[in-house]
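Before any comments, here is the structure.
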Amino acid sequence: MAGISFVSTLSCPSLYSSHSSSSSSSSRFHLRVCCLYGKDEGQWQLKLKRRDLVGCFSSVVALEMIASSRGEAHAADLIQRRQRSEFQSSVKDTLYKAIKANPDLVPSILTLALNDAMTYDKPTKSGGANGSIRLSPEISRPENSGLAPALSLLEEAKKEIDSNSKGGPISFADLIQFAAQSAVKKTFLDSAIRKCGGNEEKGRTLYSAYGSNGQWGLFDKFMGRSDSEIPDPEGRIPQWDKASVQDMKAKFSSIGFGPRQLAVMSAFLGPDQLATETLLASDPDVLPWVQKYQRSRETVSQTDYEVDLITTLTKLSSVGQQINYEAYTYPVKRVDFSKLKL
């Protein structure tokens with residue numbers, strides 16, 4: 001039998017409708033094509049018209065081009081993730097140093113982040129964690145009394161962060177929420193150190209072993225908030241030190257939170273967490289949660305308290321925001337191989 005044959009191992013679309021449609025689009029099959037000089041058609045394994053063969057290989061080329069473009073997109077995505085991760089690490093390092101040097105501002109930083117996000121209004125979908133609290137008409141309001149020093153600290157940290165950024169300046173919206181994260185982590189670490197009799201090394205070991213660092217993944221992804229250039233409307237934030245528990249419950253309820261979230265955010269509501277919890281415990285709806293988190297803080301790991309606080313802060317820090325997941329990325333200079341001397 002005279003003839004020429006070849007075997008294709010490329011992925012190829014089905015040439016016949018009898019092939020199962022449920023088969024994977026990425027599966028490969030061998031296509032054997034024989035061109036015969038003989039007249040005995042009974043020996044032919046597969047008979048294809050020329051246009052069938054050309055159409056098949058055109059499809060293969062198209063699929064390979066799509067796969068190649070997807071590969072390039074995936075590579076670009078990986079580069080952007082690395083850029084954002086490096087930038088975020090720089091942000092966290094700067095904030096950690098700034099807060100460690102000013103531990104007395106931790107309560108104010110927490111309230112700053114809370115009040116920036118709590119302006120969210122569900123009916124109008126306005127406000128939220130948009131950095132508007134930095135604007136003088138808003139930071140000077142009664143509910144934000146005493147928060148200016150915390151804002152000043154973050155403004156100084158922002159200068160350092162921006163000077164080292166390749167992907168543009170950090171938004172105040174991001175800066176304030178990541179400062180709250182850093183402040184919360186400090187309170188967790190300080191608690192672990194106290195449980196180790198004040199030994200910082202042992203405290204860090206305890207926190208690394210039993211702490212909640214692994215729970216911050218979703219919070220870290222929410223980097224790319226946009227700043228508002230106008231103050232949020234007045235009257236959306238109560239003065240926490242003068243508000244009744246009922247007023248606090250109503251405000252938390254307006255953004256989708258309940259007594260549980262109110263109790264776990266007690267450290268954000270004023271400089272004296274225990275005094276705030278004493279007030280919250282006067283409400284029968286909040287009392288069980290206050291007791292739960294107080295018991296949790298007495299344990300080695302504080303798991304219930306830390307995990308619920310991280311979850312609540314993550315949700316709070318993203319209300320009213322459309323996250324730009326390409327923020328702080330930058331184009332990478334391509335290497336011109338033609339200019340390389342070998």
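Since this is a predicted model, take the numbers as computed values, not measurements.
Residues passing the side chain to side chain donor-acceptor pair (under 3.5 Å) test with Q322: none are found, sequence neighbours excluded. Partners of S126 according to the side chain to side chain donor-acceptor pair (under 3.5 Å) rule, which considers only residues two or more places apart in sequence or in another chain, are T124, R236. With sequence neighbours excluded, the residues that form a side chain to side chain donor-acceptor pair (under 3.5 Å) with S132 are N130, E138, D232. By the salt bridge (Lys or Arg N to Asp or Glu O under 4.0 Å) test, K166 pairs with no residue at all, sequence neighbours left out. By the salt bridge (Lys or Arg N to Asp or Glu O under 4.0 Å) test, D121 pairs with no residue at all, sequence neighbours left out. With sequence neighbours left out, the ring pair (Phe, Tyr, Trp, His ring centres under 6.0 Å) criterion links Y328 to F87. Shown here are the ring pair (Phe, Tyr, Trp, His ring centres under 6.0 Å) partners of F172, two or more places apart in sequence or in another chain: there are none. A search for salt bridge (Lys or Arg N to Asp or Glu O under 4.0 Å) contacts involving D272 returns nothing, not counting sequence neighbours. Contacts of E86 classified as salt bridge (Lys or Arg N to Asp or Glu O under 4.0 Å), with partners at least two apart in sequence or in another chain: R82.
Contact of the R295 side chain with the T299 side chain is not registered, since no non-hydrogen atoms from C-beta on lie closer than 4.5 Å. Residues Q215 and T314 are not in side-chain contact: their nearest non-hydrogen atoms beyond the backbone lie 4.5 Å or more apart. The shortest side-chain heavy-atom distance between I170 and S165 does not fall under the 4.5 Å cut-off. You'll find the side chain of L175 stays beyond 4.5 Å of the side chain of R134, heavy atoms only. Using a 4.5 Å heavy-atom cutoff, the side chains of L151 and N144 are not in contact. Within the 4.5 Å cutoff, the side chain of M248 has no heavy atoms near those of the V286 side chain.
For the atom pair Q177 CD and D116 CG, the distance stands at 6.0 Å (nearest 0.5 Å). Atom-to-atom distance recorded for S253:OG and K122:NZ is 8.0 Å, nearest 0.5 angstrom. S152 OG to N102 CG: the interatomic distance, rounded to the nearest 0.5 Å, is 11.0 Å. Going from atom OG of S228 over to atom CD1 of I133 covers 12.0 Å, rounded to the nearest 0.5 Å. Put simply, OG1 on T276 and CG on L280 are 6.5 Å apart, with the number rounded to the nearest 0.5 Å. The distance from the CG atom of L153 to the CD1 atom of I99 is 7.0 Å, given to the nearest 0.5 Å.
Between the side chain of T119 and the backbone N or O of G128 there is at least one donor-acceptor pair closer than 3.5 Å. Using a distance-only test at 3.5 Å, with no hydrogens or angles considered, no donor-acceptor pair links the side chain of S282 to the main chain of T278. Without hydrogens or angle criteria, S140 side chain to S136 main chain gives a donor-acceptor distance under 3.5 Å. In terms of modelled atom types and a separation under 3.5 Å, the side chain of S317 and the main chain of L313 share a donor-acceptor contact. Checking side-chain atoms of R225 against main-chain N and O of Q321 turns up no donor-acceptor pair under 3.5 Å. Side chain of T187 to backbone of V184: a donor-acceptor contact under 3.5 angstrom is found. A donor-acceptor pair under 3.5 Å is absent between the side-chain atoms of T111 and the main chain of L269, judged by distance alone.
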Would I79 and T329 count as a side-chain contact (heavy atoms from CB on, under 4.5 Å) here? Give the steps. CA-CA 9 Å; I79 291 173; T329 62; over 6 Å; no

May I have the step-by-step check of side-chain hydrogen bond (donor to acceptor under 3.5 Å, both in side chains) for Q294 and E277, ending in yes or no? CA-CA 9 Å; Q294 286 180 341; E277 288 183 330; 3.0 Å; yes

Between R141 and I237, does a side-chain contact (heavy atoms from CB on, under 4.5 Å) hold up when you go through it step by step? CA-CA 10 Å; R141 292 173 185 169; I237 304 291; over 6 Å; no

Under the criterion side-chain contact (heavy atoms from CB on, under 4.5 Å), I'd like the reasoning laid out for M223 against I323: C-alpha separation, chi angles, the key distance, then a yes or no. CA-CA 7 Å; M223 184 179 70; I323 305 298; 5.9 Å; no

Report the C-alpha separation of E200 and L189 in whole Å, then their side-chain angles, then the decisive distance to 0.1 Å, and conclude whether the side-chain contact (heavy atoms from CB on, under 4.5 Å) test is met. CA-CA 9 Å; E200 184 172 347; L189 177 59; 5.8 Å; no

What's the verdict on salt bridge (Lys or Arg N to Asp or Glu O under 4.0 Å) for R194 and D190, showing C-alpha distance, side-chain angles and the deciding distance? CA-CA 6 Å; R194 284 194 300 271; D190 288 348; 5.3 Å; no

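Linking ILVMFWY residues whenever their side-chain heavy atoms come closer than 4.5 Å, directly or via other members, leaves I176 and F222 in distinct clusters. Under a hydrophobic-cluster definition in which Ile, Leu, Val, Met, Phe, Trp and Tyr are linked whenever side-chain heavy atoms come within less than 4.5 Å, directly or via other members, L154 and L135 are assigned to different clusters. In terms of hydrophobic clustering, with Ile, Leu, Val, Met, Phe, Trp and Tyr side chains grouped at heavy-atom distances under 4.5 Å, Y325 and Y330 are assigned to different clusters. Transitive grouping of hydrophobic side chains (ILVMFWY, heavy atoms separated by less than 4.5 Å) brings L309 and W216 into a common cluster. Hydrophobic clustering of Ile, Leu, Val, Met, Phe, Trp and Tyr side chains at less than 4.5 Å, counting indirect connections, unites Y207 with I193.
Salt-bridge formation is not detected for the pair K251/D247: no Lys NZ or Arg NE/NH1/NH2 atom is positioned less than 4.0 Å from an Asp or Glu carboxylate oxygen. Between E298 and K195, no side-chain nitrogen of the basic residue sits less than 4.0 Å from a carboxylate oxygen of the acidic one, so the salt-bridge criterion is not met.
When all heavy atoms of S191 and Q302 are compared, the pair lying nearest together is OG-OE1, 3.0 Å. The heavy-atom pair separating S266 from Q273 by the smallest distance is OG-NE2, 3.1 Å. When all heavy atoms are compared, the tightest approach of A173 to S226 is CB-O, 3.8 Å. Of all non-hydrogen atoms in N324 and R84, the two that sit nearest each other are O-NH1, 3.4 Å. Residues P107 and G270 approach most closely at CB-O, 4.5 Å, considering heavy atoms. The two residues A183 and I109 come nearest to each other via the heavy atoms CB-CG2, 4.2 Å.
Its side chain within the 4.5 Å cluster rule, Y210 clusters with L206, V300 among the Ile, Leu, Val, Met, Phe, Trp and Tyr residues.
Ring pair F188/Y305 is perpendicular by interplanar angle, where above 60° counts as perpendicular and below 30° as parallel. The aromatic rings of F252 and F257 are tilted relative to each other, their planes meeting at an angle between 30° and 60°.
Residue D308 forms a side chain to side chain donor-acceptor pair (under 3.5 Å) with just one option from Q261, R260, K292, and that option is R260.
Residue pairs meeting the salt bridge (Lys or Arg N to Asp or Glu O under 4.0 Å) criterion with at least one member in residues 146-164, sequence neighbours excluded: E156-K159, K158-D162. Screening residues 315-330 for salt bridge (Lys or Arg N to Asp or Glu O under 4.0 Å), with sequence neighbours left out, gives no hits.
For the residue pair S212 and E306, a side-chain donor N or O sits within less than 3.5 Å of a side-chain acceptor on the partner.
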